[in-house]
Every structure is written in C-alpha cells, then in structure tokens.
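The figures here come from the full heavy-atom set of this structure, side chains too, leaving out hydrogens, waters and symmetry mates. Heads up: numbering here begins at 1 and tracks the sequence.
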Amino acid sequence: MDDDDRLLWDRARAGDAAAFGDLYTRHARQVYTFCFWRTGDAALAEDLSAAVFLEVWAARGRTELTKASLLPWLLGVAHNLVRNQWRSNRRRRAALARLPPLRDSPDHVEDVAARIDAERRMAAVRQACARLPERELAVLQLCAWMGLSPPDAATALGIPVGTVHSRLSRARARLRREIGEDGARGHEPVDISGGLR
C-alpha cells in the first residue's frame, strides 16, 4: 500500500486527477480526524481537510514524494493550516477586544413615527398655504418661516410695516381655520414658527 502512494503520486504529478482522487479516498478520513481532534469543530475540520487536499494538489508539480506514504505530508499541511487558523482566530479576538463595547442600539420606531407625523402635518400646512393669497403667503414665509421681523419683511417686500402686520394676521387666521378643519379630520393643529395656534 505504501508503494502505491508513490506510484499514485507520480501519476497525480503528471496531471492524473483520478490518481489524486485515489489518494484522497485513501487518506481523507485520517486527515479529517486529525483536523477534528485539533480543532474540536466538525465543520471547521471539514473545511480544513478540504483545504489540505487543495493545497497538496496545487503543489503537486513542484513536490516529489520522498517517503512511501503521502499521509505524513498531508498531516504536516493540516498541522500548518490548523496553526494558521488558531493565529487568525487569536488576531481576530484581539482586534475585537480592542473595539469599544457596543452600545444598545436606539429604538428608531419613535423617530420614524415622529417623522411620519411631522410629514403628515407639513402636508396639511402646505395644502392650507396653497390656498392663501400670494401676498399673504409671502409675508408669512418671510416672518414665520425665515424669521424676519415685520420691519425687515417690509423692507424686503417694499411695503409698509403696517401692511406686513395686517397680512401676517390674516394669513395666520386663515391657516388656523384651514388647519383646524384638517384637525377635525384627524390632524393635530400645526405650529409653525410665528405662532399659528
């Protein structure tokens, strides 16, 4: 049987996949058992066993078998792969240990609900604003949304301050009525800066 390993290996080196398959059949169980014994993890042992044979197949063209059995070389490759796996795991654990502890992730349900509610209220305000006369809407936008004082809005629009005050008052009253009607259909009154409530 030992002589057969050398003959099969010579054929495998020449590209005979069936000869390599025979070597696999002959030694796969022992390689798996070694990997399983070293790792204690059946799935990892299967992965490592497959990696052993892939590595040996890749090296076949440049490796001559000097012993009668391929098994010592296979187990040497397995030993190195297991050791590399341990090093990799140790580095991964060390890297994870250096990370700051994870904080509890916030519950975004309330944020999403608030955003949906705000979008719904803004839609009601926009619908109500669309029904305002343009000159009242312009004053409302400058004073309530952009934060300009009535004198500054008057300067921006080129109208008297008293006109700004009266248009702003009418716009707020209309919006209260409009949004109040929407509120009767399930929307809360919307407070935009400038005090519509």
Side-chain angles (χ1 to χ4, degrees), residues 1-127 145 147 182-183 185-193:
M1 177 174 167
D2 288 343
D3 290 338
D4 289 347
D5 273 5
R6 199 173 289 171
L7 294 173
L8 287 170
W9 181 247
D10 287 343
R11 287 170 42 204
R13 289 187 71 208
D16 186 344
F20 190 79
D22 290 341
L23 289 168
Y24 175 85
T25 301
R26 182 174 292 172
H27 299 297
R29 187 75 192 154
Q30 291 166 291
V31 171
Y32 168 80
T33 301
F34 175 83
C35 293
F36 182 50
W37 179 77
R38 295 290 305 274
T39 64
D41 183 326
L44 180 57
E46 287 180 13
D47 291 344
L48 289 170
S49 298
V52 166
F53 284 95
L54 285 173
E55 193 167 310
V56 168
W57 174 255
R60 73 189 183 283
R62 58 184 185 277
T63 307
E64 199 170 324
L65 187 60
T66 57
K67 299 195 186 247
S69 174
L70 188 63
L71 186 61
W73 184 34
L74 292 170
L75 295 182
V77 172
H79 171 75
N80 290 333
L81 290 177
V82 168
R83 190 174 56 203
N84 291 343
Q85 180 70 30
W86 283 346
R87 287 178 181 157
S88 176
N89 287 344
R90 190 170 61 239
R91 283 192 297 268
R92 187 170 33 254
R93 284 192 302 271
L96 289 174
R98 288 190 299 269
L99 292 175
L102 293 176
R103 292 182 294 216
D104 290 338
S105 59
D107 185 3
H108 296 288
V109 172
E110 290 181 14
D111 291 343
V112 171
R115 189 176 308 123
I116 291 170
D117 195 42
E119 288 173 358
R120 179 180 48 78
R121 287 191 310 246
M122 181 53 80
V125 169
R126 289 174 61 86
Q127 286 175 357
W145 297 341
D182 286 342
R185 291 194 296 268
H187 297 294
E188 292 180 11
V190 178
D191 184 20
I192 60 177
S193 61

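Qualifying side chain to side chain contact (heavy atoms under 4.5 Å, CB included) partners for Phe36, counting only residues two or more places apart in sequence or in other chains: Tyr32, Ala42, Ala45. Listed by chain and residue number, Arg62, Thr63, Trp73 satisfy the side chain to side chain contact (heavy atoms under 4.5 Å, CB included) test with Ala59 (two or more places apart in sequence, or in another chain). With sequence neighbours excluded, the residues forming a side chain to side chain donor-acceptor pair (under 3.5 Å) with Arg38 are His79, listed by chain and number. For Ala28, the side chain to side chain contact (heavy atoms under 4.5 Å, CB included) partners are Tyr24, Phe53, not counting sequence neighbours. Judged as a side chain to side chain contact (heavy atoms under 4.5 Å, CB included), and not counting sequence neighbours, the contacts of Arg92 are Gln85, Ser88, Asn89, Leu96. Qualifying side chain to side chain donor-acceptor pair (under 3.5 Å) partners for Asp16, counting only residues two or more places apart in sequence or in other chains: Arg11.
Shown here for Ala78 and Val31, the closest heavy-atom pair between the two residues is CB-CG1, 4.5 Å. The two residues Val52 and Leu74 have their closest heavy-atom pair at CG1-O, 3.6 Å. Heavy atoms only, all atoms of each residue included: Arg13 and Arg60 are closest at NE-O, 2.9 Å. Nearest approach of Ala12 to Ala19, heavy atoms of both residues: N-CB, 3.9 Å. Residues Asp5 and Leu71 share a closest heavy-atom pair of OD2-N, 4.4 Å.
The line from CG of Leu8 to CG of Asp22 is 5.5 Å long, rounded to the nearest 0.5 Å. Considering CG of Leu75 and CG of Leu81, their distance stands at 11.5 Å, rounded to 0.5 Å.
Residues Arg26 and Asp4 form a side-chain contact, since some pair of their non-hydrogen atoms from C-beta on lies under 4.5 Å apart.
Taking the ring axis of Trp9 as reference, the NZ or CZ atom of Arg6 does not stay both within 45° of it and closer than 6.0 Å to the ring centre.
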